Amino acid sequence: MRPSRCYLSGAFVPLDEARVSVLDRGFIFGDGVYEVIPAYARRPFCLDEHLARLGRSLRAVGMGDPMDRSQWSALVGRLLADNDPNDQCIYIQVTRGVAKRDHAFPENTMPTVFAYSFPFPHAPLRLRQSGASAVTLPDMRWLSAHVKSISLLGSVLARQASAEVGAQETILIRDGWLTEASSSNVWIVRHGQLLSPPMDNLKLEGIRVALMDELAAAVGVALRRRPVAEWELRCADEILLTSATKEVLAVTLLDDRPVGAGSPGPVYAALYAAYQLAKTPAEQPSS
Ligand code: PMP
């Protein structure tokens, strides 16, 4: 594998040589937004949707977009070509740039744009076969969780709680209702129906949220968006997580209790298979 090369504000440099100022507002305030774009066989998956969400995040925090659609796309393509292996994730971060420390937005500051590639962290076969474990925690994050902000301390603390007990994810509950997980969206299956909480300011609308509409329709699973109560989560037949890196993953242990039969269920199996098909572009017919 070649050494990783990243992009930092106009230049492509080896990742371990990239440097930003200690006065960067990303470092000082967590003042920035980010994206994680999965790529299979060096082809980005759902690129338009990820770039559109990056645009929404930038607008939500009052930052201009430093690049247009074709420049972002070219940057992603160059990183995928310059890095290994074939399956990668592209991380993009834009901060409000370097300025004298003051909470208010600085004037005339160049945003810092950083992007790098990391190998796609495919879930180990063991997790695919037996499912993941998760714990629940009250959702202590801020009320603008729909913005993909780099200020992630709430998510970091939530995730650490599951890491400490050897679980793979922390599912968050606010006032008795399911929101999402520390870095994934959460779905439950009850009475054969796939349920997902409606998207609002308390959840990040994952790129897989809209994709699941298509996948559920393709495999004939009824999907309903409505609030999901904590008690429903606890007696769900299946629990699923979705994210760029987890794709679709079954949770089979919640707070040390088996979910449903305690192994990945039929709705998971159907949706995971559909996801694998969706991410693999159809072969062009040879002429
Ligand atoms: N919610 C949160 C809080 C996340 O961090 C993520 C991962 N970015 C998701 C949901 C899933 O989003 P996506 O499907 O775009 O990876």
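Atoms considered below: every heavy atom in the structure, side chains included; atoms not considered: hydrogens, waters and symmetry mates. Ligands are counted one by one from 1 in listed order, and the atoms in each one are counted from 1 as well. Note that the structure is a prediction, hence the values are computed from the model and not measured.
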Please determine if R53 has a nitrogen or oxygen closer than 3.5 Å to a nitrogen or oxygen of ligand 1. yes

Inspect the contact between R141 and E180 and indicate whether a charged nitrogen and a carboxylate oxygen are less than 4.0 angstrom apart. yes

Near R226 CZ, under 6.0 Å, is it more than 12 heavy atoms from other residues, nucleotides or ligands? yes

Closest protein heavy atom to atom 7 (C) of ligand 1, given as residue, atom name and distance to 0.1 Å: S183 O, 3.3 Å

Side chain S73, main chain R69, donor-acceptor under 3.5 Å: no

Sub-4.0 Å heavy-atom approach of V36 to ligand 1: no

Test item, A145 contacting ligand 1 (heavy atom, 4.0 angstrom): no

Looking at ligand 1, does any of its N/O atoms fall within less than 3.5 Å of an N/O of H50? no

Please confirm whether the backbone N or O of R126 pairs with a side-chain atom of Q129, one donor and one acceptor, at under 3.5 Å? no

Ligand 1 and K148, any nitrogen or oxygen pair closer than 3.5 angstrom? yes

Residues R190 and E232 bridged, charged N to O under 4.0 Å: yes

Does ligand 1 have a heavy atom under 4.0 Å from the side chain of S182, from its backbone, from both, or from neither? backbone

Residue, atom and distance of the protein heavy atom nearest atom 11 (C) of ligand 1 read N185 OD1, 3.5 Å

Under a 4.0 angstrom heavy-atom cut-off, which atoms of ligand 1 come close to A181? 3 (C)

Pair M67-L75, side chain to side chain contact (heavy atoms under 4.5 Å, CB included): steps then yes or no: CA-CA 10 Å; M67 296 195 207; L75 169 56; 3.7 Å; yes

Under 3.5 Å, N or O to N or O, is I207 touching ligand 1 that way? yes

Is ligand 1 under 4.0 Å from a heavy atom in the side chain of R141, in the backbone, in both, or in neither? side chain

Would you say R208 and ligand 1 have an N/O pair spaced under 3.5 Å apart? yes

Is there a polar contact, in the sense of an N or O pair closer than 3.5 Å, between G206 and ligand 1? no

Of all the heavy atoms in S184, does at least one lie under 4.0 Å from an atom in ligand 1? yes

Worked verdict on Y34 versus Y91 for ring pair (Phe, Tyr, Trp, His ring centres under 6.0 Å): CA-CA 7 Å; Y34 75 108; Y91 177 89; 5.7 Å; yes

Give me the residue, atom name and distance of the protein heavy atom closest to atom 16 (O) of ligand 1. A244 N, 2.8 Å

Heavy atoms from other residues, nucleotides or ligands near CZ of F27 exceed 12 (cutoff 6.0 Å): no

Any salt bridge between R53 and D48, counting N to O under 4.0 Å? no

More than 12 foreign heavy atoms under 6.0 Å from CG of D102: is that the case here? yes

Checking a contact table here: which protein heavy atom is nearest atom 1 (N) of ligand 1, and how many Å away? E180 OE1, 2.6 Å

